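Right, I'll just put the structure down here and ask away after.
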There are 2 protein chains.
Amino acid sequence: MPGLPDAVVPVALAADLVVLTLVDGSLHVLAVRRAEAPFIGRWALPGGFVREGESAQRAAERELAEETGLGSRVHLEQLASYSDPARDPRGRVVSVAHLALVPADDAPPEAMRAGGDAAEVAWLPVTDDGSTAEPLAFDHARILRDGVERARAKLEYSALAAAFCEEEFTVGELRRVYDAVWGVRLDARNFHRKVTGARGFLDPVGTTTTRDGGRPAALFRRGPASTLNPPITRPPEPD
Amino acid sequence: MPGLPDAVVPVALAADLVVLTLVDGSLHVLAVRRAEAPFIGRWALPGGFVREGESAQRAAERELAEETGLGSRVHLEQLASYSDPARDPRGRVVSVAHLALVPADDAPPEAMRAGGDAAEVAWLPVTDDGSTAEPLAFDHARILRDGVERARAKLEYSALAAAFCEEEFTVGELRRVYDAVWGVRLDARNFHRKVTGARGFLDPVGTTTTRDGGRPAALFRRGPASTLNPPITRPPEPD
DNA sequence: CCAAAAGTGTTGCGATTACACCCATGG
DNA sequence: CCATGGGTGTAATCGCAACACTTTTGG
């Protein structure tokens, strides 16, 4: 490494993705089946190595586009980095994990580009404790848990929930995001009042839809506010 | 990089530190004056390269001990990673930034080990917008801002504030942490009720102290709870 | 005695909950 | 006409900010 001290050890930098969505009203994570050693045949989080001249953020955006075909309409943020020297048997690989949220039932796995080295792509259901039924490769179970926890926490005080919805959505659809991610059932009436009352959170479109059945519901877009005040509070766990 | 694809670009991994403390009741950050190019003579966040067989977390712990002499008694958590290819003119250096909080008026800079390459070490005052009077090297201003923001946010719902206090502290001392970090003046009476009422947050020691003047105050230690429910709410900004 | 900081009691208000009730559609 | 989801009204309650007041020290 020219210009740097001799003792500096080179590492490979990877950008991995925790891509969450809702399938049939429950939380799912995007996974690829590994076609190569190590962990061949195991499910893993999508990701890849950061290229020359690329930041981890840009690499994550690129991987996300490659894997899902979705360009924008996705929320993407850095989650954390994982640098345990033993986390990858091939050598010193440091992963910058990112959290992505994509709209419900968008980008079904069949429609995904099977490009690159991904042999098989699927939405795996996420359990209440933030894990999958089948074990994940590397330390990806840990990364997934951190991602799910982050998503759950941020729903409370941020406008993140709308990232799971289409561009235009109803209050009911938004509420079902909270129900699914938190595993609760919020009161539809109070939820309605709360989110429509929070300034800057929802932009009324003016039109209505009956796609959810029942009485026509007003359509909204995400408003300019990124934080939600007062927050939507998660119901306390029963003691 | 043996065992890895040819296209993988090697990067140097650094662990940088945002070390915050209170000096005379106001927020300060630990900085070192750079003795080498690039940015020679500028203040920078303390940090260094991750060594062989070391995780970024361990490297941060090592740097923190080297720089402050403080072993435990410090809160340390990962903040975020910075991987812009142009962030270091020497080459591809990715920084995993960490946030550390040390007790008020502990480890004054004079007492710090001037070991390693640090020519000069100081606590720099942090302004309300999370920056320093003098510019910092690299992208460290950005990292500092992110660290201060994280600290401010986590005070609300976590037991983080106690990290700024000695092992045993009074409710008043804890309140002054909030006052300093948030730049507000909380009501001493309501604050007292709130923190002593939160289960698991404070462990009463049983003894008292008059070191803050006035009536003797009960001493507490950090309780087992890491999250604070209900949270301490930051007073709303005046519109 | 006075100043200063620690604690306790009380009161009023605003947010939240729990639910009754009405609305507008599709089948 | 009924099931379904959308939306509004309202009363009981909870949490909390505001502040009066008492306690216990040092000087």
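What you see is a predicted model, and the numbers here were worked out from it, not measured in a lab. Convention: sequence-line order gives letters A, B, ...; per-chain numbering from 1.
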Check: Strictly by modelled atom types, are B:S95 and B:D16 linked by a side-chain donor-acceptor pair under 3.5 Å?
Finding: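 Judged by distance alone, the side chains do pair up.
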Check: Whole-Å distance between D:dT24 C1' and B:D212 CG?
Finding: 14 Å
Note to self: Do B:H98 and B:V18 make a side-chain contact, defined as non-hydrogen atoms from C-beta onward lying under 4.5 Å apart?
What the structure shows: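 They are not in contact (no side-chain heavy atoms under 4.5 Å apart), so the answer is no.
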For nucleotides 13-16 of chain D, list the nitrogen or oxygen atoms of the protein found under 3.5 Å from its nitrogen or oxygen atoms, one pair per line.
none

Margin query: Both B:T210 and A:T196 contact DNA chain D. Which one's nearest nucleotide lies toward the 5' end?
Written below: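 The residue whose closest nucleotide sits nearer the 5' end is A:T196.
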Check: Are any side-chain N or O atoms of A:K194 and backbone N or O atoms of A:P231, one a donor and one an acceptor, separated by less than 3.5 Å?
Finding: yes
Next item on the list: Mind running a 4.0 Å heavy-atom check of residues 216-224 of chain A against DNA chain D and sending the residues that fall below it, in number order?
Entry: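 Within this stretch, A:P216, A:A217, A:A218 sit under 4.0 Å of the strand.
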Next item on the list: Measure across A:L124 and A:A31 and return the closest heavy-atom pair with its distance rounded to 0.1 Å.
Entry: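 So the two residues come closest at CD1-CB, 3.7 Å.
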Item checked: Pairs flagged by ring pair (Phe, Tyr, Trp, His ring centres under 6.0 Å) wherever residues 140-181 of chain B is involved - sequence neighbours left out ->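 Checked against ring pair (Phe, Tyr, Trp, His ring centres under 6.0 Å) - neighbours excluded - the pairs reaching residues 140-181 of chain B are B:F138-B:H140, B:Y178-B:W182, B:Y178-B:F191.
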Note to self: Check the phosphate of C:dA6 against B:H192, side-chain N and O only, distance under 4.0 Å to OP1 or OP2. Yes or no?
What the structure shows: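 Checking B:H192 against C:dA6: no side-chain N or O falls below 4.0 Å of OP1 or OP2.
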Notebook entry, point to check: Taking CG from A:L186 and P from D:dG7, how many angstroms apart are they, rounded to a whole number?
Noted result: 16 Å
Note to self: Quick check: closest heavy atoms across B:A15 and B:A56, and the distance to 0.1 Å?
What the structure shows: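 Scanning both residues, the minimum pair turns out to be CB-O, 3.8 Å.
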Item checked: Minimum-distance pair of heavy atoms, taken over all atoms of A:E166 and A:P103 -> OE2-CB, 3.7 Å
Next item on the list: Would you indicate what B:R175 reaches in the nucleic acid, counting non-hydrogen atoms under 4.0 angstrom: base, sugar-phosphate, or nothing?
Entry: sugar-phosphate
Next item on the list: Grab the two heavy atoms, one from A:A217 and one from A:T170, that are nearest each other, plus how far apart they are.
Entry: CB-CG2, 3.8 Å
Notebook entry, point to check: Can you tell me if A:D146 and A:Y82 form a side-chain donor-acceptor pair at under 3.5 Å?
Noted result: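 Side chains of A:D146 and A:Y82: pair found under 3.5 Å.
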Margin query: Side chains of A:P46 and A:E67, heavy atoms from C-beta outward: is any pair under 4.5 Å?
Written below: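 The answer is yes, as the side chains (C-beta and beyond) meet within the 4.5 Å cut-off.
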List, one per line, each side-chain donor-acceptor pair under 3.5 Å for residues 219-230 of chain B, sequence neighbours excluded.
| residue | atom | partner | partner atom | Å |
| --- | --- | --- | --- | --- |
| B:R221 | NH1 | B:E167 | OE2 | 3.4 |
| B:R221 | NH2 | B:E168 | OE2 | 2.8 |

Next item on the list: Mind grabbing the angle between the end helix axes of the helix from C:dC1-D:dG27 to C:dG27-D:dC1? Five pairs an end, 10° rounding.
Entry: 0°
Next item on the list: Check whether the side chains of A:D24 and A:S26 place a donor and an acceptor atom closer than 3.5 Å, and report yes or no.
Entry: no
Pairwise N/O distances under 3.5 Å, protein to nucleotides 19-23 of chain D:
| residue | atom | partner | partner atom | Å |
| --- | --- | --- | --- | --- |
| D:dT23 | O2 | B:R215 | NH1 | 3.0 |

Check: Counting N and O atoms only, with roles assigned by atom type, does the side chain of A:T127 sit under 3.5 Å from a partner on the main chain of A:T132, one being a donor and the other an acceptor?
Finding: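 No, the answer is negative, given that no donor and acceptor are paired below the 3.5 Å cut-off.
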Note to self: How many whole angstroms separate atom CZ of A:F191 from atom P of D:dT8?
What the structure shows: 14 Å
